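Everything on this sheet refers to the single structure shown next.
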Amino acid sequence: YFPEAEDFRMELQPQGKILITGVTGFLGSRICYDCLQKGFLVRGTVRDKSNKSKMAVFESMPNKDNLDLFEIDLLSNGAKWMEAMSGISHVLHTASPFPPQTPKNEDELILPAKEGTLVVLKAAYSVGVKSV
């Protein structure tokens, strides 16, 4: 915690819809909770809506009526990501591949994360998202 950072923190107002990638992850779900609690409209991306253990995180979310989920893989094509971003004003990108075991080569983790981030950034640019 850096108290001096308080001077630079912006208080966002609930305007438009926010897309949170990786919304079932630790960071994504916490951000989603906070955004919903503050009254934002949120679209979250999930890899598999049928995964009950991953979907359980949404049971305790406030204002669940302000949340819609979009099923998409991080490495899906740009057109599908552009569809996910339809009507979105801001993107919070937290999705990243997380393998069940430590990869033998770091590129097995880094390259898909990099490629996925590029897909998200290009789609956001293409549809005119205000900020990522």
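FYI, side chains are in, hydrogens and waters are out, and symmetry mates aren't considered; it's all heavy atoms of this structure. Just so it is clear, the structure is predicted and the values come from calculations on it, not from any experiment.
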Full working for side-chain contact (heavy atoms from CB on, under 4.5 Å) between Trp81 and Thr45
CA-CA 10 Å; Trp81 275 101; Thr45 67; 3.7 Å; yes
Report the C-alpha distance between Lys54 and Val46 in whole Å, list the side-chain angles of each, state the deciding distance to 0.1 Å, and finish with yes or no for side-chain contact (heavy atoms from CB on, under 4.5 Å).
CA-CA 9 Å; Lys54 292 282 190 176; Val46 297; over 6 Å; no
On a heavy-atom basis, which atom in Val91 and which in Ala124 lie closest, and how many Å separate them?
CG2-CB, 4.5 Å
Asp34/Lys38 ion pair, N-O < 4.0 Å:
no
Restricting to non-hydrogen atoms, name the atom on Ala95 and the atom on Gly22 that form the minimum distance, rounded to 0.1 Å.
CB-N, 3.5 Å
Looking at Asn66 and Leu36, would you say the former's side chain and the latter's main chain have a donor-acceptor pair under 3.5 Å?
no
For the pair Ser86 (side chain) and Glu83 (backbone), establish whether a donor and an acceptor sit closer than 3.5 Å, ignoring hydrogens and angles.
no
Determine whether Lys80 and Phe70 satisfy the following criterion, side-chain contact (heavy atoms from CB on, under 4.5 Å), listing intermediate values before the conclusion.
CA-CA 10 Å; Lys80 181 128 176 149; Phe70 192 95; 4.1 Å; yes
List the atom of Asp48, the atom of Glu71, and the distance in Å for their closest heavy-atom pair.
CA-OE2, 3.1 Å
Spell out, yes or no, whether Leu69 and Leu27 are grouped together once hydrophobic residues are joined by side-chain heavy atoms under 4.5 Å, including indirect joins.
yes
To the nearest 0.5 Å, what is the distance between NZ on Lys104 and CG on Leu109?
15.5 Å
Transitively linked via ILVMFWY side-chain contacts under 4.5 Å: Tyr33 with Met55?
yes
Should the heavy atoms of other residues, nucleotides or ligands under 6.0 Å from NZ of Lys17 be counted, would the total exceed 12?
yes
Under 4.5 Å between side-chain heavy atoms, hopping through other hydrophobics if needed: is there a path connecting Val132 to Tyr125?
no
Would you check if Leu74 and Thr21 make a side-chain contact, meaning some heavy-atom pair closer than 4.5 Å?
no
Are Leu19 and Val119 co-members of a hydrophobic cluster defined by side-chain heavy atoms under 4.5 Å apart?
yes
Measuring from atom CZ of Arg43 to atom CG of Leu67, what distance do you get when rounded to the nearest 0.5 angstrom?
10.5 Å
Check whether Ser29 reaches the backbone of Thr24 with its side chain - one donor and one acceptor, N or O, closer than 3.5 Å.
no
Any side-chain heavy-atom pair from Leu92 and Ile18 closer than 4.5 angstrom?
yes
Distance-only, no hydrogens or angles: does the Ser96 side chain make a donor-acceptor pair with backbone N or O of Ala113 under 3.5 Å?
no
Answer yes or no: is there a side-chain heavy-atom contact under 4.5 Å between Val120 and Met85?
yes
Check the hydrophobic clustering (I, L, V, M, F, W, Y; side-chain heavy atoms under 4.5 Å; chains of links allowed) and say if Val42 and Ile88 are grouped together.
no
Nearest heavy atoms of Cys35 and Ile20, plus distance in Å:
SG-CD1, 4.5 Å
For Lys64 and Glu59, indicate whether the former's side chain and the latter's backbone hold a donor-acceptor pair under 3.5 Å.
yes
Given side chains that start at C-beta, do those of Val23 and Phe58 come closer than 4.5 Å, heavy atoms only?
yes
How far does CE of Met61 sit from CG of Asn63, to the nearest 0.5 angstrom?
11.5 Å
Does Asn105 CG have over 12 foreign heavy atoms under 6.0 Å away?
yes
